[in-house]
Amino acid sequence: MIVIDDVRVRIDGAVLIDGVDLTVPPGRNEQSVHALRPQALARRIAYVPQDTALSFPFTAYQVTLMGRHAHVGRFALEGRADHRAAEQAMAATGTTWLADRNVATLSGGERQLVLLAKALAQDAQVLLADEPVSALDLRHRLAVLRLLRACADAGRAVLDLILLLDEPTSRRADEPTSRRADEPRRHLLSAAQPGAMPSWTVRTMNALPPASS
């Protein structure tokens, strides 16, 4: 179990986070991530970084398909299901039109969406996103945050850390949605008053799922 109690973060005299409480219940089959092989860990946790330097001339589709390596044998090739997962992830992130583009030629926002598509194609139990909308305009920010919400509603654990200059963006993307009474409670934890200053928003959109055997 992970328990965070009354967290307060102050930077340069400004309070960014105050009074944050969070409890994550343990899974049914607890196992240290340090004991997992890389491929098994990748099936449990997908990570979206702020940016990744890609030196090789991969296409956006190839990068997205890399998310399927967690489900492919060491010397095996991707199958129809893997290609279908990659195509669906690109469609969900609106990056299908970038499929044949060299990722080195993409803008920061386009590359960020491709990295999100890669994480979605990975189909892990947990999705961690580090400022997944930092390079996007308002329209794409809302689309990505709603996509992450949809992932949480579908049962995936989602945690994203966002530095927002426009706090209403987070609230609009986290509008109340219908949920069953037995669904885990979702949280939106934010700091600072809207418009006062940039705020860090920690969003845990679902409770951690039980670990699979």
Side-chain angles (χ1 to χ4, degrees), residues 1-4 7 20 22-52 54 58 60-93 95 111-133 144-162 174 179-180 182-189 201-213:
M1 176 179 290
I2 299 175
V3 178
I4 299 175
V7 173
V20 171
L22 178 65
T23 300
V24 179
R28 295 174 185 171
N29 303 307
E30 289 189 76
Q31 185 177 8
S32 171
V33 295
H34 302 292
L36 295 174
R37 293 182 177 275
Q39 190 175 40
L41 181 60
R43 286 195 293 268
R44 294 196 181 189
I45 302 174
Y47 173 60
V48 183
Q50 292 186 43
D51 196 3
T52 296
L54 298 171
F58 295 117
Y61 182 77
Q62 289 173 323
V63 170
T64 302
L65 192 60
M66 289 176 189
R68 299 300 301 170
H69 288 178
H71 305 275
V72 178
R74 179 175 298 179
F75 300 108
L77 296 176
E78 298 87 355
R80 287 185 179 180
D82 301 304
H83 285 280
R84 184 164 56 250
E87 292 165 1
Q88 291 174 345
M90 297 197 80
T93 54
T95 54
R111 189 163 56 250
Q112 201 166 41
L113 290 173
V114 171
L115 292 175
L116 176 58
K118 174 179 175 288
L120 293 180
Q122 192 171 328
D123 194 27
Q125 296 174 326
V126 179
L127 177 59
L128 305 179
D130 183 4
E131 295 193 54
V133 298
V144 166
L145 294 178
R146 285 169 177 158
L147 175 58
L148 294 178
R149 162 60 66 190
C151 289
D153 289 341
R156 187 178 303 186
V158 178
L159 189 148
D160 60 274
L161 177 64
I162 308 170
D174 202 58
R179 66 184 180 91
R180 301 187 307 273
D182 60 342
E183 287 183 329
R185 181 180 178 184
R186 298 164 176 84
H187 308 269
L188 174 60
L189 309 176
T201 299
V202 181
R203 301 154 53 88
T204 60
M205 293 187 178
N206 209 333
L208 287 174
S212 59
S213 57

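Listed by chain and residue number, Asp82 satisfy the salt bridge (Lys or Arg N to Asp or Glu O under 4.0 Å) test with Arg68 (two or more places apart in sequence, or in another chain). Residues satisfying the side chain to side chain contact (heavy atoms under 4.5 Å, CB included) criterion with Ala119, sequence neighbours excluded, are Ala46, Val48, Leu127. Remark: Gln112 pairs with Ser134 by the side-chain hydrogen bond (donor to acceptor under 3.5 Å, both in side chains) rule, at least two apart or across chains.
Closest non-hydrogen pair, Val158 versus Cys151, comes out as CG2-CB, 4.0 Å. Residues His71 and Gln39 come closest through the heavy atom pair N-NE2, 4.2 Å. A pairwise comparison of heavy atoms in Pro132 and Leu148 identifies CG-CD1, 4.2 Å as the closest pair. The shortest heavy-atom contact between Ala89 and Thr64 is CB-CG2, 4.3 Å.
The structure places NE2 of His69 at 6.5 Å from CE of Met66, a figure rounded to the nearest 0.5 Å. Rounded to the nearest 0.5 angstrom, Glu87 CD and Arg80 CZ are separated by 11.5 Å. Remark: Gln122 CD to Tyr47 OH distance equals 12.5 Å, nearest 0.5 Å. With rounding to the nearest 0.5 angstrom, the CG atom of Leu120 is 11.0 Å from the CE atom of Met90.
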Quiz prompt | Pair Thr93-Leu147, side-chain contact (heavy atoms from CB on, under 4.5 Å): steps then yes or no | solution = CA-CA 8 Å; Thr93 54; Leu147 175 58; 3.8 Å; yes
Practice problem: In sequence, state the C-alpha distance, the side-chain angles, and the governing distance for Leu128 and Asp130, and then conclude on side-chain contact (heavy atoms from CB on, under 4.5 Å). | Solution: CA-CA 7 Å; Leu128 305 179; Asp130 183 4; over 6 Å; no
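Checked by atom type and distance alone, the side chain of Arg44 never pairs as donor or acceptor with a backbone atom of Gln125 at under 3.5 Å.
Among residue pairs with one or both ends in residues 114-126, those qualifying as salt bridge (Lys or Arg N to Asp or Glu O under 4.0 Å) are Asp123-Arg156; sequence neighbours excluded.
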